[in-house]
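Numbers here are sequence positions counted from 1.
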Amino acid sequence: DLGITAIYFNPLNDAPSLHKYDARNYHHIDVTFGPDPTGDMAIIASEDPADPTTWQWTAADKMFLAVIDSLHANGIKVVLDFSWNHTGNTFWAFQDIQKKGHNSPYKDWYQGEMKTNDKTGESYYDYEGWYGIKSLPEWRKIDSDGKKAGLPYEGNLHPEVKKHIFDVSKRWMDPYKDGDVSRGLDGIRLDVAEHVPMGFWRDYRKFVRSVNPEFYLVGENWWKDWPHELMDAEPWVQGDVFDAVMHYQWYKVA
């Protein structure tokens with residue numbers, strides 16, 4: 001009755017925080033949003049998180065899929081928030097690195113490297129956190145000359161990270177694996193988009209549009225010079241990256 005045509009959800013991925021930008025799993029809804037957190041955690045523990053063929057639907061996942069169906073039945077599209085720049089330090093791949101060190105198959109997934117403590121001789125994982133926040137380790141960027149504050153930059157994400165993100169995206173776009181994208185997400189809001197290389201974004205757009213030609217991408221693009229100069233959104237909305245950009249300060253422009 002309010003005339004709502006779309007709902008944008010902040011992150012719902014399984015995560016320990018309230019804000020959910022510190023993902024523990026991308027491919028599951030947070031267990032606390034469902035009716036059976038203990039049972040859902042058992043289901044998650046039984047999977048190989050790197051192998052989509054082992055992924056199951058938890059009670060929380062099924063509840064969210066029912067929400068999507070209900071909203072679609074009322075003419076309302078669904079946009080969900082993800083960060084493809086970083087995870088939480090409880091993310092399954094990061095935890096594997098912490099446990100296995102050099103022997104972890106995921107040791108190259110993050111922007112970090114194994115080092116040795118000169119005093120103790122013990123190995124440790126030295127990594128970058130988003131804005132220096134160690135609870136938010138960043139995915140590894142490749143073929144790049146580094147971030148440029150407030151500007152787009154070229155490069156890509158580590159190929160195995162990229163594949164995982166693509167697998168997760170398709171899971172939520174085509175949840176029943178039957179090509180019926182009308183029962184999946186209609187779009188994704190992309191957190192801290194300027195921190196991710198443009199090469200990845202171009203490839204990501206091509207991928208999601210190959211699954212759903214009408215899939216909507218909105219990137220979060222903030223400051224070039226905080227708090228004096230807003231970012232120029234134009235490079236991200238030329239038709240090869242996002243359909244729109246957003247942040248929370250533009251209401252001040254007028």
Side-chain angles (χ1 to χ4, degrees), residues 11 13 21-23 26-27 50 79-89 91-94 97 105-113 125-173 185 187-212 215-226 229-247:
N13 48 218
Y21 286 104
D22 55 341
Y26 284 142
H27 63 287
V79 176
L80 185 56
D81 197 334
F82 284 99
S83 177
W84 302 145
N85 177 70
H86 56 264
T87 67
N89 57 7
F91 194 84
W92 57 269
F94 190 82
I97 298 170
Y106 314 111
K107 64 181 184 297
D108 295 326
W109 280 32
Y110 287 89
Q111 202 74 22
E113 60 181 322
Y125 190 58
D126 186 25
Y127 62 94
E128 294 181 19
W130 178 71
Y131 270 113
I133 302 170
K134 287 296 190 178
S135 61
L136 300 174
E138 291 207 13
W139 289 130
R140 183 176 294 279
K141 283 77 176 180
I142 62 170
D143 303 327
S144 170
D145 56 359
K147 295 179 186 177
K148 300 174 179 65
L151 296 170
Y153 71 102
E154 292 302 327
N156 220 307
L157 293 184
H158 186 284
E160 292 176 11
V161 171
K162 185 175 177 178
K163 180 183 183 302
H164 181 65
I165 290 171
F166 283 15
D167 287 340
V168 169
S169 300
K170 188 170 184 179
R171 170 177 171 85
W172 292 113
M173 295 173 68
L185 290 179
I188 291 179
R189 183 267 192 187
L190 300 154
D191 183 56
V192 295
E194 76 273 13
H195 290 251
V196 179
M198 294 292 274
F200 171 80
W201 287 136
R202 295 187 192 102
D203 291 346
Y204 188 63
R205 181 182 183 85
K206 291 175 184 175
F207 175 77
V208 298
R209 286 299 182 94
S210 73
V211 178
N212 178 355
F215 200 72
Y216 184 77
L217 295 177
V218 53
E220 179 195 29
N221 295 76
W222 281 61
W223 302 100
K224 183 176 181 181
D225 179 23
W226 184 87
E229 186 179 359
L230 295 171
M231 193 178 299
D232 180 6
E234 187 174 2
W236 284 274
V237 288
Q238 295 297 305
D240 61 340
V241 180
F242 305 140
D243 299 294
V245 296
M246 59 79 67
H247 69 56

Sub-4.5 Å side-chain heavy-atom contact between Val196 and Tyr204: no
Side chains of Val161 and Arg140 in contact at under 4.5 Å (non-hydrogen atoms): no
Distance-minimising heavy-atom pair for Val241 and Leu217: O-CD1, 3.8 Å
Flag side-chain contact, heavy atom, 4.5 Å: Ile165 against Phe200: yes
Lys170 atom NZ, over 12 foreign heavy atoms within 6.0 Å: no
Arg205, Arg202, Arg209, Lys206 screened by salt bridge (charged side-chain N to carboxylate O under 4.0 Å, His left out) with Asp240, the one that passes: Arg202
Check: Tyr26/Thr87 side-chain N/O donor and acceptor closer than 3.5 Å: no
Non-hydrogen side-chain atoms of His86 and Ile133 separated by less than 4.5 Å: no
Intermediate values then yes/no, side-chain contact (heavy atoms from CB on, under 4.5 Å), Gln111 and Asn85: CA-CA 10 Å; Gln111 202 74 22; Asn85 177 70; over 6 Å; no
Euclidean distance, Phe91 CZ relative to Asn13 CG, rounded to 0.5 Å: 8.5 Å
Residue pairs involving residues 191-201 (criterion salt bridge (charged side-chain N to carboxylate O under 4.0 Å, His left out); sequence neighbours excluded): Arg189-Asp191
Chi angles and distances behind the ring-ring contact (aromatic ring centres under 6.0 Å, His included) call for His164, Trp139: CA-CA 12 Å; His164 181 65; Trp139 289 130; 7.2 Å; no
Shortest non-hydrogen contact from Ile142 toward Leu157: CD1-O, 3.6 Å
For Pro235 against Pro152, the heavy-atom pair lying closest together: CB-CG, 3.8 Å
Ring centres under 6.0 angstrom apart (Tyr131, His195): yes
Contact check, side chains of Ser169 and Trp84, non-hydrogen atoms, under 4.5 Å: yes
Residues Lys163 and Asp167 bridged, charged N to O under 4.0 Å: yes
Parallel, tilted or perpendicular: ring planes of Trp109 versus Tyr106, cut at 30 and 60 degrees: perpendicular
Met231 side chain near Val245 side chain, heavy-atom distance below 4.5 Å: no
Backbone N/O of Val192 and side chain of Glu220: donor-acceptor pair under 3.5 Å: yes
Pair Phe207-Phe166, ring-ring contact (aromatic ring centres under 6.0 Å, His included): steps then yes or no: CA-CA 7 Å; Phe207 175 77; Phe166 283 15; 4.4 Å; yes
Any donor-acceptor N/O pair, Tyr110 side chain to Gly129 backbone, under 3.5 Å: no
Interatomic spacing from CD in Glu128 to NZ in Lys134 - rounded to 0.5 Å: 7.5 Å
Mutual orientation of the aromatic rings belonging to Trp223 and Trp226 [parallel < 30°, tilted 30-60°, perpendicular > 60°]: perpendicular
Side-chain heavy-atom pair Tyr127, Ile97 within 4.5 angstrom cut-off: no
Residue pair Gly219 / Ala193: nearest heavy atoms and the distance that separates them: CA-CB, 4.0 Å
Minimum heavy-atom distance between Val237 and Ala233, given as atom pair plus value: CG2-O, 3.5 Å
Considering all heavy atoms, the nearest Tyr216-Ala244 contact: OH-CB, 3.2 Å
pair Asp81-Tyr21: side-chain heavy atoms closer than 4.5 Å: yes
Check against side-chain contact (heavy atoms from CB on, under 4.5 Å), Asp243 and Phe215: CA-CA 9 Å; Asp243 299 294; Phe215 200 72; over 6 Å; no
Derivation and outcome, side-chain contact (heavy atoms from CB on, under 4.5 Å), residues Val208 and Met173: CA-CA 8 Å; Val208 298; Met173 295 173 68; 3.9 Å; yes
Asn221 side, atom CG; Asp232 side, atom CG - distance, nearest 0.5 Å: 9.5 Å
Side chain to side chain donor-acceptor pair (under 3.5 Å) against Glu113, all qualifying residues, sequence neighbours excluded: none
SB check Glu138 Lys147 (cutoff 4.0 Å): yes
